[in-house]
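Below, chains carry the letters A, B, ... as their sequence lines are ordered, and counting in each starts from 1.
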Amino acid sequence: MIIILLNLHNDKRSINCKNYTNSIQNIFLYEVFMEKVLTGRKENYSQWYNDLVIKAEMADNSVVRGCMVIKPYGFAIWEKMQAALDKMFKDTGHSNAYFPLLIPKSFFSREASHVAGFAKECAVVTHYRLKNDPSGKGIIVDPDAKLEEELIIRPTSETIIWNTYKNWIQSYRDLPILVNQWSNIVRWEMRTRLFLRTAEFLWQEGHTAHATKEEAFEETIKMINVYADFAENWLAIPVLRGIKTASERFAGALDTYCIEALMQDGKALQCGTSHFLGQNFAKAFDVKFTSKEGALDYVWATSWGVSTRLVGALIMAHGDDNGLILPPKLAPIQVVIVPIYKGSGQMQEVVDAGNKIKSKLTAMGVSVKFDDRDTSSPGFKFAEYELKGVPVRIAVGPRDIQNNTVEISRRDTLEKFVVSQDILVDEVLRLLLDIQTNIYKKAIKFREENTFKIDSYDEFKQLIEQKPGFYEAHWDGTPETEEKIKEETKATIRCLPFNSVDEPGKCMVTGKPSSQRVLIARAY
RNA sequence: CGGGGUGUAGCGUAGCCCGGUUAGCGCGCCACGUUCGGGACGUGGAGGUCGCCAGUUCAAAUCUGGCCACCCCGACCA
């Protein structure tokens, strides 16, 4: 009998087996069936991710290939990220501005490596008008409306910004310029995934101009540290800071710094980058300034950015088979209250109690949703908010009103307990803090358990298949060896981590001398 | 952009191989009633240009061609 049920369960057409399982009163299998809303992480991680993004109502695919619709719940998470980051940028002296979406094509050819890096994935605007198709079939591009100079939809804004900075900067007194912009950009990607890689995405890009190399360098490091701080204290995702190898460097940068995080499937995700641009863009756009001493010199530059990809990071770093697990600091809903009642007689009393709890928590700055919809059952709501990763759930029913209690459940551990309403607010505040640190600790533990020192290339080739994760290995510093590793193992050098100790060794591939271990992983 | 797969109601699908009634089923949705402490139940109901365009045929969800979209695997990337 059990075998039959399991088969039914695995069969996608098993819808009717609900009744069937009921009829033989097999409660256990019934529950297994009901929980089967998401694909399990172990079963198929990328399917789990795709399911979750859709089912938690974060985003949908658009009819336009590679583009996504960010739905209110997903966008609310992004807005919370924006608010936190924006404050951090302001606190470090930056101001927001906005530069245009469209960039003259010629701007891109000014900086040689920049154009080489982005040319392959640019959307181009060639015309400015449509007209009715003379053959009567819809609408066509008007061939008479061809642009003199074609425009590129920004894949990043260095060129348009440095062309503008030229007009802003004459003297050292005009420096530094510390500007950030929140915008969308388009990179015509071959293969896309919601939040992780889409043709259009939202991000912020900081663009700063400095009088000295030292100052620009300091800014580059400062901002990668801001990102690391944000990742760990807000996203609750531990990150490694480091410097990219030449081949992974931003097109047009002298150095690229990054934060790298480990996802639950053992793959690395680059979560933010900060570029030391040297004088490359100043030279390309002829941006010079007169120094205190009266000398004329090119301006020093940085740029740095994080994107809606961070929403994907959040999902993959913390989620479980029941759905999202959101860090309380970024959760659009921190606490959901679910009323439980029998019949309309009890309803009013319970709803009143729920509203009271809501206002008490709201007064303490907690974002609360009281879900008093009469159209779905408590059990349904429990599952729904677990899917959406709401950190704390409070259930109130007649029994609670009688005992002056509530039932609290925390999303990260799924533990449930009953507390007195007298200490409810304190308990919730404590829980929110605890969940924030707990999921961070859990992520650190996961990273520790999946970070390996490796010295043998043969061993590495096997292990990267069996136990994907972060690998620390010696590398001889040549692009040839880097390329070889990439080709043979699909893993890449993610970065040369800041925190790695000086440790003379031998390159695991060539045996040539190496001064430190680098971080190698398969990456998104 | 290369290899593979899939497209039938909002979602999941049967039917397609072998063309022929009114395209079947589950979830969801709507109405009413009973329910409500872990995804409730009953009764009734609505919902489909079978991805799009052409072709073959007396007749196309079904056969042929083209196109589009999505998924998986590669190359490229935040």
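Taking atom CE on M81(A) and atom P on rA78(B), their separation rounds to 19 Å, with Å as the unit. Q346(A) places its CD atom 9 Å from the P atom of rC36(B), with the value rounded to the nearest Å. In this structure, the CD atom of E488(A) is 17 Å from the C1' atom of rG74(B), given to the nearest Å. When the P atom of rC71(B) is taken as reference, atom OH of Y45(A) falls 17 Å away, rounded to whole Å.
Applying the Watson-Crick and G-U wobble criteria (two distances, each under 3.5 Å), rC50(B) pairs with nothing in any strand. In this structure, rU43(B) and rA31(B) make a Watson-Crick or G-U wobble pair, each of the two defining distances being under 3.5 angstrom. Nucleotide rG37(B) is matched to nothing when pairs are restricted to Watson-Crick or G-U wobble geometry with both distances under 3.5 angstrom. rU62(B) is unpaired under the Watson-Crick or G-U wobble criterion, no partner having all donor-acceptor distances under 3.5 Å. The nucleotide rG7(B) finds its pairing partner in rC68(B), both defining distances of the Watson-Crick or G-U wobble pair being shorter than 3.5 Å. rG24(B): Watson-Crick or G-U partner is rU13(B), with both key distances under 3.5 Å. Here rG74(B) sits opposite rC1(B) as a Watson-Crick or G-U wobble pair (both hydrogen-bonding atom distances under 3.5 Å). Pairing for rU56(B) is absent, judged as Watson-Crick or G-U wobble with the two contacts each under 3.5 Å.
H207(A) and S303(A) form no side-chain donor-acceptor contact under 3.5 Å, judged by distance and modelled atom types alone. Side-chain atoms of N180(A) and W304(A) form no donor-acceptor pair, as typed in the model, at a separation below 3.5 Å. Checking R249(A) against S247(A) by side-chain atom types alone, no donor-acceptor pair falls below 3.5 Å.
The listed nucleotides are rG38(B), rA78(B), rG37(B); the one nearest the side chain of F201(A) is rA78(B). Nearest nucleotide to the P378(A) side chain, out of rA78(B), rG74(B), rC36(B): rC36(B). When the nucleotides rC36(B), rG38(B), rC77(B) are ranked by their closest atom to the side chain of E121(A), rC77(B) comes out on top. Closest to the K486(A) side chain, of the nucleotides rG37(B), rG38(B), rC76(B), is rC76(B). Of the listed nucleotides (rA78(B), rG39(B), rG38(B)), rA78(B) has the atom at the smallest distance from the side chain of S307(A). Of the listed nucleotides (rC36(B), rG38(B), rG37(B)), rG37(B) has the atom at the smallest distance from the side chain of R399(A). With distances taken from any side-chain atom of F380(A) to the nucleotides rG38(B), rC72(B), rG39(B), the minimum falls on rG39(B).
Side-chain N/O atoms of K342(A) include none lying less than 4.0 angstrom from OP1 or OP2 on rU35(B). For S46(A) and rC72(B), the shortest distance from a side-chain N or O to OP1 or OP2 is below 4.0 Å. Not one side-chain nitrogen or oxygen of S377(A) sits closer than 4.0 Å to the OP1 or OP2 atom of rG39(B). The phosphate of rC71(B) has OP1 or OP2 within less than 4.0 Å of a side-chain N or O from N61(A). Listed pair N50(A) / rC72(B) meets the phosphate criterion, a side-chain N or O lying under 4.0 Å from OP1 or OP2.
Between rC30(B) and rG47(B), the distance separating the two P atoms is 16 Å to the nearest Å. The C1' atoms of rG37(B) and rA46(B) are separated by 35 Å, rounded to the nearest whole Å. Distance noted for atom C1' between rC17(B) and rU64(B): 15 Å (whole Å). Rounded to the nearest Å, the gap between the P atom of rU56(B) and that of rG44(B) is 47 Å. Between the P atoms of rG51(B) and rC16(B), the separation comes to 15 Å (whole Å). Nucleotides rC53(B) and rA60(B) are separated by 15 Å at their C1' atoms, to the nearest Å. Using atom P as the reference point in both rA54(B) and rG10(B), the two lie 23 Å apart (nearest Å). Taking the C1' atom of each, rU6(B) and rC18(B) are spaced 23 Å apart, rounded to whole Å.
Using a 4.0 Å heavy-atom cutoff across all strands shown, K490(A) reaches sugar-phosphate atoms only and no base atom. When heavy atoms are screened at a 4.0 angstrom cut-off, S344(A) is found touching no nucleic acid atom at all. G66(A) comes within 4.0 angstrom of sugar-phosphate atoms only, judged by non-hydrogen atoms across all strands, and of no base. P398(A) comes within 4.0 angstrom of a base, heavy atoms only. Across all strands, G343(A) comes closer than 4.0 Å to base atoms (heavy-atom distances).
Where L194(A) and E200(A) each meet RNA chain B at their nearest nucleotide, the meeting point lying more 5' is that of L194(A). Between L196(A) and G397(A), it is G397(A) whose nearest contact on RNA chain B lies nearer the 5' terminus.
Note on ring orientation: taking the six-membered ring where Trp is involved, the planes of Y45(A) and W48(A) are tilted (angle from 30° to 60°). Classification of the F108(A)-H114(A) ring pair by plane angle, with boundaries at 30° and 60°, yields parallel.
Among K486(A), K490(A), K484(A), the one residue that satisfies the salt bridge (charged side-chain N to carboxylate O under 4.0 Å, His left out) test with E488(A) is K484(A).
Taking 3.5 Å as the limit, the base of rG38(B) and the side chain of K416(A) contain a donor-acceptor pair of atoms between them. In terms of polar N and O atoms assigned as donor or acceptor, the side chain of E384(A) never comes within less than 3.5 Å of the base of rG39(B) in a complementary pairing.
The pair D371(A)-K369(A) fails the salt-bridge criterion, with no side-chain N (NZ, NE, NH1 or NH2) lying under 4.0 Å from an Asp/Glu carboxylate O.
Within the 4.5 Å cutoff, the side chain of L101(A) has heavy atoms near those of the N184(A) side chain.
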